[in-house]
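Data block below; observations after.
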Amino acid sequence: MAHRLDSLDKKILELIIADARIPFLEVARACNVSGAAIHQRIQKLTSLGILKGSQFNIDPEKIGYETCAYIGLYLKDPEKFDDVVEELRKIPEVVECHYTTGSYDMFIKIYAYNNHHLLTVIHDKLQPLGLSRSETIISFNEAINRPISIVDRAAEDENDEY
């Protein structure tokens with residue numbers, strides 16, 4: 001169930017999304033509340049699962065991963081989803097895994113050093129997981145990568161149902 005964000009929650013999220021390293025006191029000043037209030041709100045947003053921590057983002061290409069690929073996986077035995085996910089967790093090149101609708105059983109994102117490394121990952125690490133087949137899409141360039149924006153849904157909720 002979605003949690004309703006009040007205006008202070010939204011302002012806090014906007015500020016920390018823009019700069020995850022912003023000091024809480026700076027957030028407090030921008031929101032005209034105490035540092036303790038910001039700390040409590042951040043803890044509340046974290047305990048609700050709205051905030052999932054903070055992290056540094058690495059540019060994969062800068063450390064040698066020149067190939068980004070999305071792979072649709074078809075499992076021989078779709079009942080083995082959980083087992084396959086556990087095995088995918090052990091493959092460092094796999095950075096995302098999604099259960100999907102449509103023709104694929106799963107959809108993953110991987111980074112490889114180059115196309116030869118990509119082929120090795122598919123052949124040596126993915127095929128043994130019990131795939132009937134896979135479809136690979138190579139990304140030439142990431143055009144958009146951003147966090148979800150905090151939108152004021154109050155006006156939208158009056159007109160639309162979600």
Side-chain angles (χ1 to χ4, degrees), residues 1-73 81-102 104-114 117-118 121 125-126 129 135-162:
M1 181 174 163
H3 176 77
R4 290 265 183 208
L5 300 173
D6 65 20
S7 60
L8 179 57
D9 290 334
K10 290 175 188 173
K11 180 71 174 173
I12 292 168
L13 290 172
E14 287 172 7
L15 291 165
I16 64 175
I17 286 170
D19 179 6
R21 299 176 82 180
I22 189 171
F24 284 1
L25 286 177
E26 196 173 319
V27 174
R29 272 187 239 116
C31 296
N32 292 322
V33 296
S34 71
I38 295 301
H39 186 72
Q40 288 174 345
R41 288 293 183 115
I42 296 283
Q43 290 216 290
K44 178 186 95 176
L45 293 168
T46 301
S47 69
L48 289 169
I50 294 168
L51 282 177
K52 293 182 171 186
S54 60
Q55 62 189 10
F56 288 100
N57 295 319
I58 296 171
D59 183 336
E61 196 171 333
K62 301 274 191 220
I63 59 170
Y65 291 90
E66 296 181 5
T67 301
C68 173
Y70 296 87
I71 304 175
L73 304 178
F81 272 24
D82 294 338
D83 296 335
V84 172
V85 169
E86 284 310 308
E87 291 304 311
L88 288 170
R89 287 183 200 284
K90 298 174 187 175
I91 302 172
E93 295 88 353
V94 176
V95 296
E96 291 182 24
C97 176
H98 302 268
Y99 296 121
T100 63
T101 61
Y104 306 123
D105 293 316
M106 293 179 185
F107 199 70
I108 64 172
K109 178 180 180 180
I110 73 169
Y111 284 105
Y113 295 124
N114 52 38
H117 181 213
L118 174 62
V121 171
K125 296 181 179 182
L126 296 180
L129 299 181
E135 289 183 17
T136 303
I137 301 166
I138 293 177
S139 170
F140 290 129
N141 187 28
E142 183 178 86
I144 298 172
N145 180 344
R146 62 181 174 210
I148 191 74
S149 63
I150 308 303
V151 179
D152 184 9
R153 290 183 43 187
E156 293 176 11
D157 287 348
E158 290 175 7
N159 299 322
D160 299 323
E161 288 294 319
Y162 286 94

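For reference, positions follow the sequence shown, starting with 1. Just so it is clear, the values below take in all heavy atoms, side chains as well, and ignore hydrogens, waters and symmetry mates.
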Heavy atoms from other residues, nucleotides or ligands near [atom1] of [X] exceed 12 (cutoff 6.0 Å):
X: Glu135; atom1: CD; answer: yes
X: Ile63; atom1: CD1; answer: yes
X: Lys125; atom1: NZ; answer: yes
X: Tyr99; atom1: OH; answer: yes

How far does [atom1] of [X] sit from [atom2] of [Y], to the nearest 0.5 angstrom?
X: Leu13; Y: Leu51; atom1: CG; atom2: CG; answer: 5.5 Å
X: Ile12; Y: Ile42; atom1: CD1; atom2: CD1; answer: 5.5 Å
X: Ile16; Y: Ile22; atom1: CD1; atom2: CD1; answer: 9.0 Å
X: Tyr113; Y: Glu93; atom1: OH; atom2: CD; answer: 7.5 Å
X: Leu126; Y: Glu87; atom1: CG; atom2: CD; answer: 11.5 Å
X: Gln40; Y: Ser47; atom1: CD; atom2: OG; answer: 11.5 Å

Determine the minimum heavy-atom distance between [X] and [Y], stating which atoms define it.
X: Phe81; Y: Met106; answer: O-CE, 3.4 Å
X: Ala30; Y: Lys11; answer: O-CE, 4.0 Å
X: Pro60; Y: Ile58; answer: CD-O, 3.0 Å
X: Asp6; Y: Leu8; answer: OD1-N, 3.1 Å
X: Asp9; Y: Arg41; answer: OD1-NH1, 2.8 Å
X: Thr136; Y: Ala69; answer: CG2-CB, 4.0 Å

Run the salt-bridge test on Glu26 and Arg29 with the 4.0 Å N-O cut-off and return the result as yes or no. no
Which word best sums up how the rings of Tyr70 and Phe107 line up, parallel for under 30°, tilted for 30 to 60°, or perpendicular for over 60°? parallel
Check the angle between the aromatic planes of Tyr65 and Tyr111 and answer parallel, tilted or perpendicular using the 30° and 60° thresholds.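 The rings of Tyr65 and Tyr111 stand perpendicular, inter-plane angle above 60°.
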Evaluate side-chain contact (heavy atoms from CB on, under 4.5 Å) for Leu73 paired with Leu129, printing each intermediate quantity in order. CA-CA 10 Å; Leu73 304 178; Leu129 299 181; 5.9 Å; no
